[in-house]
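Here's the structure, in structure tokens; my notes come after.
For reference, positions follow the sequence shown, starting with 1. We count ligands from 1, going down the list as the structure has it; atoms in each ligand are counted the same way. Just so it is clear, the values below take in all heavy atoms, side chains as well, and ignore hydrogens, waters and symmetry mates.
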Amino acid sequence: MVSGTRYFQNVWDTLKTTLVGMSITGKYLMRKPITVQYPDERMPIPDRYRGIHYLEQEKCINCLACARACPIDCIEMDAVRHGKELEWVSFTLDYQKCMFCELCVYPCPKDCIHMGTEFALVVEDRSELNHDLLSFKGMAVDARIRMREAEKKKAEKEAAKKAKAEAEAAAKAAEGEADDAAGGDA
Ligand code: SF4
Ligand code: SF4
């Protein structure tokens, strides 16, 4: 049998703890919700976050320095060189192996491979984690125009050289004929 004092003490404790609990809940009722509706909304990501790489392809010179620096060989690239221009085939980074250490970024002489702030590597098949970082395959349009102009200039130069050589040969032949004619008259 609970004594009268004890009974009122229990009622008081119940009311007090309920009020304390409700006061904590009440504080949060007035605050804005902080739930982020990912993936439609995202929390800000620090600039130095080491996420999925991005490549400034137009600056890349296919020197392989990044691939050689990678401790687990996840970078592979393939490009065909046409004089000073590059025709890109692939530049892949295998995120099945990458440990986001950033060691591939520092040796780049052109500062063109970076770690971005993208992080969502959600795929249905593991092979899809081998990302191609190229934004365009083949040659960039302006590189192709530059190459055509260089080829045209080269062809014009060669044609001019050939025409000059032919003109010189013709002049020499004419000179020889004139000398022969002069010799015959004498
Ligand atoms: S971040 Fe590290 S593991 Fe990933 S590609 Fe670069 S060097 Fe290799
Ligand atoms: S180190 Fe830089 S320039 Fe060289 S291949 Fe890698 S990304 Fe391109």
Side-chain angles (χ1 to χ4, degrees), residues 24 27-165:
I24 292 169
K27 269 196 264 174
Y28 287 93
L29 277 177
M30 296 310 181
R31 290 192 191 176
K32 278 189 177 174
I34 58 165
T35 308
V36 174
Q37 301 295 332
Y38 182 86
D40 298 326
E41 291 174 23
R42 291 186 180 202
M43 296 285 282
I45 296 170
D47 291 341
R48 295 187 64 197
Y49 181 80
R50 298 203 298 252
I52 297 174
H53 301 69
Y54 67 92
L55 176 73
E56 292 178 81
Q57 186 182 345
E58 62 289 349
K59 282 163 65 181
C60 179
I61 54 171
N62 189 32
C63 68
L64 298 169
C66 52
R68 288 196 193 106
C70 177
I72 40 179
D73 297 334
C74 17
I75 301 178
E76 285 181 9
M77 66 192 82
D78 187 8
V80 182
R81 188 166 283 284
H82 301 279
K84 287 182 182 171
E85 311 294 352
L86 281 174
E87 180 168 2
W88 281 101
V89 179
S90 64
F91 189 120
T92 57
L93 206 151
D94 193 347
Y95 287 104
Q96 293 175 86
K97 299 192 277 180
C98 180
M99 56 184 178
F100 299 91
C101 63
E102 211 177 10
L103 290 177
C104 52
V105 171
Y106 299 113
C108 178
K110 296 289 177 185
D111 190 26
C112 59
I113 186 164
H114 313 278
M115 305 215 68
T117 51
E118 263 304 315
F119 54 84
L121 286 166
V122 185
V123 291
E124 290 184 355
D125 189 308
R126 283 180 69 87
S127 63
E128 292 170 36
L129 290 170
N130 196 14
H131 282 202
D132 197 336
L133 301 184
L134 294 183
S135 47
F136 58 86
K137 302 251 182 197
M139 291 181 82
V141 176
D142 53 346
R144 202 173 279 281
I145 292 168
R146 275 200 301 275
M147 192 181 83
R148 281 202 196 122
E149 279 172 357
E151 279 171 357
K152 197 175 154 197
K153 268 188 195 166
K154 197 177 164 193
E156 283 170 358
K157 215 171 163 185
E158 274 170 13
K161 211 170 154 187
K162 198 176 162 194
K164 195 179 166 191

Legend entry - Around atom 4 (Fe) of ligand 1, number of protein N/O/S atoms which are nearer than 2.8 Å: 1

Legend entry - Where ligand 2 meets P109 - atom numbers and elements under 4.0 angstrom, heavy-atom basis: 1 (S)

Legend entry - Proximal ligand 2 atoms for L64, defined as those under 4.0 Å from one of its heavy atoms: 4 (Fe), 5 (S)

Inset, instruction - Can you see which heavy atom on K59 is nearest to which on D111, and at what distance? - result: NZ-O, 3.5 Å

Legend entry - K137 atom NZ, over 12 foreign heavy atoms within 6.0 Å: yes

Inset, instruction - Could you tell me the residue and atom name of the protein heavy atom closest to atom 3 (S) of ligand 2, and the distance to it rounded to 0.1 Å? - result: I61 N, 3.5 Å

Inset, instruction - Among all protein heavy atoms, pick out the one at the shortest distance from atom 7 (S) of ligand 2; state its residue, atom name and that distance to 0.1 Å. - result: C112 SG, 3.6 Å

Inset, instruction - Tell me whether C108 has at least one N, O or S atom under 2.8 Å from atom 4 (Fe) of ligand 2. - result: no

Inset, instruction - Please indicate whether L29 has more than 12 foreign heavy atoms, meaning atoms of other residues, nucleotides or ligands, lying under 6.0 Å from its CG. - result: yes

Legend entry - Approximate separation, where rounding is to 0.5 Å, of H114 NE2 and I52 CD1: 15.5 Å

Inset, instruction - Taking only heavy atoms of P71 into account, list the atoms of ligand 1 that are under 4.0 Å away from them. - result: 7 (S)

Legend entry - Validation row: P71, M99 side chains within 4.5 angstrom (heavy atoms): yes

Legend entry - More than 12 heavy atoms from other groups under 6.0 Å of CG on D125: yes

Legend entry - Euclidean distance, C101 SG relative to R50 CZ, rounded to 0.5 Å: 7.0 Å

Inset, instruction - Measure the distances from the heavy atoms of K59 to every atom of ligand 2 and state whether one is below 4.0 angstrom. - result: no

Legend entry - Ligand-residue contact atoms, ligand 2 with M77, heavy atoms, under 4.0 Å: 5 (S)

Inset, instruction - Using a strict cut-off of 4.0 Å, indicate which atoms of ligand 2 neighbour a heavy atom of C60. - result: 3 (S), 5 (S), 7 (S), 8 (Fe)

Inset, instruction - Examine H131 together with Y54 and report whether their ring centres are nearer than 6.0 Å. - result: no

Legend entry - R81 atom CZ, neighbour heavy-atom count above 12 within 6.0 Å: yes

Legend entry - Residue and atom name of the nearest protein heavy atom (relative to atom 1 (S) of ligand 2), distance in Å to one decimal: C66 N, 3.3 Å

Inset, instruction - Take the angle between the ring planes of Y38 and F119 and call it parallel below 30°, perpendicular above 60°, tilted in between. - result: parallel

Legend entry - SB check E118 R42 (cutoff 4.0 Å): yes

Inset, instruction - Starting from atom 4 (Fe) of ligand 2, find the nearest protein heavy-atom neighbour and note its residue, name and distance. - result: C63 SG, 2.2 Å

